[in-house]
Amino acid sequence: MPWLVKSDPETFSIDDLAKAKNKTTSWDGVRNYQARNYLRAMKKGERVLFYHSNAEPPGVVGVVKVAREAYPEPKDDEWSAVDLELVEKFAHTVSIDALRGQKSLADLMILRKGSRLSVTPITDAEMKRVLELARGKSGA
DNA sequence: GCCAACGTTGGC
DNA sequence: GCCAACGTTGGC
């Protein structure tokens with residue numbers, strides 16, 4: 001299953017990931033039970049959209065993948081982390097406006113008002129559509 | 001900077 | 001177990 005993770009770029013941006021060792025980071029600090037359960041459902045190799053919140057503009061900035069499935073956080077093993085590895089940084093952000101402009105993306109949890117989940121599942125079709133938008137295709 | 005939406009906390 | 005208060009998130 002494909003996924004989407006949110007990050008405030010002031011805290012951790014896709015450029016930070018690009019600079020990280022092996023372009024891989026431990027995705028820890030999630031302190032929401034539903035998001036944690038999603039983390040635990042991630043499988044190695046699955047693709048994950050990387051979303052910048054509180055950015056100008058907010059939107060999807062690239063694709064990462066699950067490099068290591070969920071493991072307990074060393075300092076707080078009630079919670080889980082995964083390792084995420086950079087796959088690609090988009091040439092252009094797929095902005096939240098662009099996402100909202102797509103009927104096929106209307107069900108994205110991220111677009112719901114007040115949605116604060118930092119890890120959400122998406123469908124294969126949604127992943128495909130966002131990748132098309134990233135590559136500049138506007139078609140159906 | 002504002003504020004609506006949400007999750008968590010804590011008194012009862 | 002309810003719910004008001006509070007802190008945080010995130011778009012604008």
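Order of the sequence lines sets the chain letters (A, B, ...), proteins ahead of strands, with each chain counted from 1.
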Problem set entry | All pairs passing salt bridge (charged side-chain N to carboxylate O under 4.0 Å, His left out) where residues 41-57 of chain A contributes a residue, at least two apart | none
For this session: Can you sort out the partners of A:N37 under side-chain hydrogen bond (donor to acceptor under 3.5 Å, both in side chains), two or more places apart, ordered by chain and number?
Result: none
For this session: Not counting sequence neighbours, which residues clear ring pair (Phe, Tyr, Trp, His ring centres under 6.0 Å) with A:Y33? List them please.
Result: A:W79
Exercise. Atom CG of A:L108 to atom P of C:dG10: distance rounded to whole Å?
Worked result: 15 Å
For this session: Using a 4.0 Å heavy-atom cut-off across all strands, classify A:S115 as base, sugar-phosphate, or nothing.
Result: sugar-phosphate
Exercise. Pairs in or reaching into residues 21-34 of chain A: which pass salt bridge (charged side-chain N to carboxylate O under 4.0 Å, His left out), with residues at least two apart or in two chains?
Worked result: A:R31-A:E73, A:R31-A:D76
For this session: Answer yes or no: does a side-chain N or O of A:K6 lie under 4.0 Å from OP1 or OP2 of C:dT9?
Result: no
Problem set entry | Interatomic distance where CG belongs to A:N37 and P belongs to B:dG7 [whole Å] | 13 Å
For this session: Grab the CZ-C1' distance between A:R36 and B:dT8 for me, whole Å please.
Result: 15 Å
For this session: Taking only heavy atoms on the protein side, list every residue of residues 91-100 of chain A lying under 4.0 Å from any atom of DNA chain C, sorted numerically.
Result: A:I96, A:R100
Problem set entry | Qualifying residues under side-chain contact (heavy atoms from CB on, under 4.5 Å), relative to A:E85, sequence neighbours excluded | A:T24, A:K65, A:A67
Exercise. Does A:Y51 make a side-chain N or O approach to OP1 or OP2 of C:dG11 shorter than 4.0 Å?
Worked result: yes
Problem set entry | Nearest-Å distance for atom pair CZ/P, residues A:R31 and B:dT9 | 12 Å
Problem set entry | Spacing between A:L4 atom CG and C:dG10 atom C1', to the nearest angstrom | 14 Å
Exercise. What salt bridge (charged side-chain N to carboxylate O under 4.0 Å, His left out) pairs are there with at least one residue in residues 86-96 of chain A, not counting sequence neighbours?
Worked result: A:D15-A:K89, A:E88-A:R135
Exercise. Who are the ring pair (Phe, Tyr, Trp, His ring centres under 6.0 Å) partners of A:Y51, not counting sequence neighbours?
Worked result: none
Problem set entry | Whole-Å gap separating C1' (C:dC12) and CD (A:E56) | 9 Å
Exercise. Under a 4.5 Å cut-off applied to non-hydrogen side-chain atoms, are A:F90 and A:V63 in contact?
Worked result: yes
Can you give me the N/O atom pairs linking the protein to nucleotides 1-6 of chain C at distances under 3.5 Å, or say none if there are none?
none

Exercise. Among the clusters formed by ILVMFWY side chains lying less than 4.5 Å apart, do A:M1 and A:V60 turn up in the same one?
Worked result: no
For this session: Measure from CG on A:N32 to C1' on B:dG7 and round the result to the nearest Å.
Result: 7 Å
Exercise. For A:L111 and C:dG11, what is the distance between atoms CG and P respectively, to the nearest whole Å?
Worked result: 9 Å
